[in-house]
Number of protein chains: 2
Amino acid sequence: MSTTPRRQDPDMDPAPRISARSAAVHDRVQEHLADLDQRYTSGRRRLIELLVATSRPASLPELLELDPSIPQSSLYRNLDMLERTGLVRRLTTGGEHARFEFAEPLLAHHHHLICVSCGLIEDVTFADAVETAVDDALHEAALDYGFEPLHHSIDLHGHCSDCAAQN
Amino acid sequence: MSTTPRRQDPDMDPAPRISARSAAVHDRVQEHLADLDQRYTSGRRRLIELLVATSRPASLPELLELDPSIPQSSLYRNLDMLERTGLVRRLTTGGEHARFEFAEPLLAHHHHLICVSCGLIEDVTFADAVETAVDDALHEAALDYGFEPLHHSIDLHGHCSDCAAQN
DNA sequence: CTCAGTGCAAAGGATTTGCATGCCG
DNA sequence: CGGCATGCAAATCCTTTGCACTGAG
């Protein structure tokens, strides 16, 4: 076995960034799971690899398409476990399938553009001033209702460029 | 306390506030459906009544509990129909069941406090300045990705007062 | 009178789980 | 080695749908 999986032509695309990013994520995940006495098995590694590969929140069918050799039940079980340990976030908005992305220790604070037509989700980041304004407003509102705030999320629903072009 | 329980009388109106609100909503719904050549049947009236009764976004089991005599399928079908006509909004965030609330013609623009523990959702409104700041940021972000923006939503996840007390 | 709405039950589809086996620590 | 993770398949649960009947317009 070679040390690296076959990919595109090394002359055209050495892709050093992806590898570095992937390794860094694996380190973070391994450490986090070790702290919680959870195993970092090969199946979980493969799942993390898939999540690194998709730059967007991914649905289970999308993950399966990237690596059909992983059983659905293992994907669901491990996504669930990673969610419970706080490494992965499950997005229920935006279509028939849930979508999964890295949670904030692994991915910077951001929000989502959601296509109401095809369910595609893009990550976006806002200026600190906007985040602060929203946080202040939310904190105040939470107090009024006795809520203990944890985190906020902002979605923009609309049509992605592909779907907008089709109409 | 009166010794004789009173049923609702078509001529009298012993509960002015609720009835007034309910009547206003019924009028709006009826008009809206008439414009779209949709019938405002007794089943749909009962559903609207339930939605008026719950001050919060309600899940289907909650609606069923309020009036167990309505078949689930009718609730789902009418909620779906009301959603397609733009009178009702379906919230997929916040639990195993979808939740339903009146859409913006019938309910002022607002956002949600979501209990991560029990799924309860409260409506909250923000100052115009916050809404404007968010809209500006979202509009800019949408341009970057070729999104055609429709509307935004902001959620605050946390623990509601009941669930916070239980820990 | 006609066609959409209703109720019942059964189907559909995403997600979860039981159980025997394999692998991590 | 012991216990948790895995794979397969079957189960579960929310939601949707087919069909015959009722009611609104």
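Chain letters run A, B, ... following the sequence lines, proteins first and then strands; every chain starts at 1.
Rounded to an integer number of Å, the gap from CG of A:Leu36 to P of D:dA5 is 12 Å. D:dG3 atom P lies 15 Å from atom CG of A:Asp37, rounded to whole Å. Rounded to an integer number of Å, the gap from CG of A:Leu79 to P of D:dT6 is 11 Å.
Side chain of B:Arg99 to main chain of B:Gly119: a donor-acceptor pair is present (N/O by atom type, distance under 3.5 Å, no hydrogens or angles). Within the 3.5 Å criterion, the main-chain N or O of A:Ser59 finds a donor-acceptor partner in the side chain of A:Glu62. With hydrogens and angles disregarded, a donor-acceptor distance shorter than 3.5 Å links the side chain of A:Tyr145 to the backbone of B:Asp123. Side chain of B:Arg46 to main chain of B:Ile70: no donor-acceptor pair is present (N/O by atom type, distance under 3.5 Å, no hydrogens or angles). A donor-acceptor pair under 3.5 Å is absent between the side-chain atoms of A:His157 and the main chain of B:Ser153, judged by distance alone.
B:Arg46 comes within 4.0 angstrom of the backbone, heavy atoms only, and of no base.
Projected onto DNA chain D by closest heavy-atom contact, B:Phe100 and B:Gln30 fall at different nucleotides, the more 5' of which corresponds to B:Phe100.
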- Kindly indicate, with the supporting measurements, whether the criterion side-chain hydrogen bond (donor to acceptor under 3.5 Å, both in side chains) is fulfilled by A:Thr92 and B:Thr92. CA-CA 6 Å; A:Thr92 52; B:Thr92 52; 4.7 Å; no
- Query: After noting the C-alpha distance and the side-chain angles of B:Glu83 and B:Arg89, does the key distance pass the salt bridge (charged side-chain N to carboxylate O under 4.0 Å, His left out) rule?
  - Reply: CA-CA 6 Å; B:Glu83 188 191 13; B:Arg89 199 148 73 104; over 6 Å; no
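For DNA chain C, the contact window with chain B, defined by any atom under 4.0 Å from a protein heavy atom, covers C:dC3 to C:dA9 in 5' to 3' order.
Cluster note: B:Val116 groups with A:Leu150 through ILVMFWY side-chain heavy atoms spaced under 4.5 Å, whether in direct contact or through intervening members.
Taking five base pairs at each end of the helix from C:dC1-D:dG25 to C:dG25-D:dC1, the local helix axes there meet at an angle of 40°, rounded to 10°.
With ring centers used as reference points, B:His110 lies under 6.0 Å from B:His112.
DNA chain D lies under 4.0 Å from no heavy atom of any residue of residues 61-71 of chain B.
Residues meeting the side-chain hydrogen bond (donor to acceptor under 3.5 Å, both in side chains) test with A:His109, sequence neighbours left out: A:Glu104, A:His111, A:Glu131, A:His152.
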- Item | Protein-to-nucleotide contact annotation, 5' to 3' order, nucleotides 16-24 of chain D [B base; S sugar-phosphate only; - none; under 4.0 Å, heavy atom] | BBB----B-
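At a cut-off of 3.5 Å, with distance as the only test, a side-chain donor of A:Ser22 or A:Glu49 sits close to an acceptor on the other residue.
The cluster map of Ile, Leu, Val, Met, Phe, Trp and Tyr, joined by side-chain heavy atoms under 4.5 Å apart, puts B:Leu63 and B:Val29 in the same cluster.
With rounding to the nearest 0.5 Å, the separation of CE in B:Met81 from CG in B:Leu87 is 8.0 Å.
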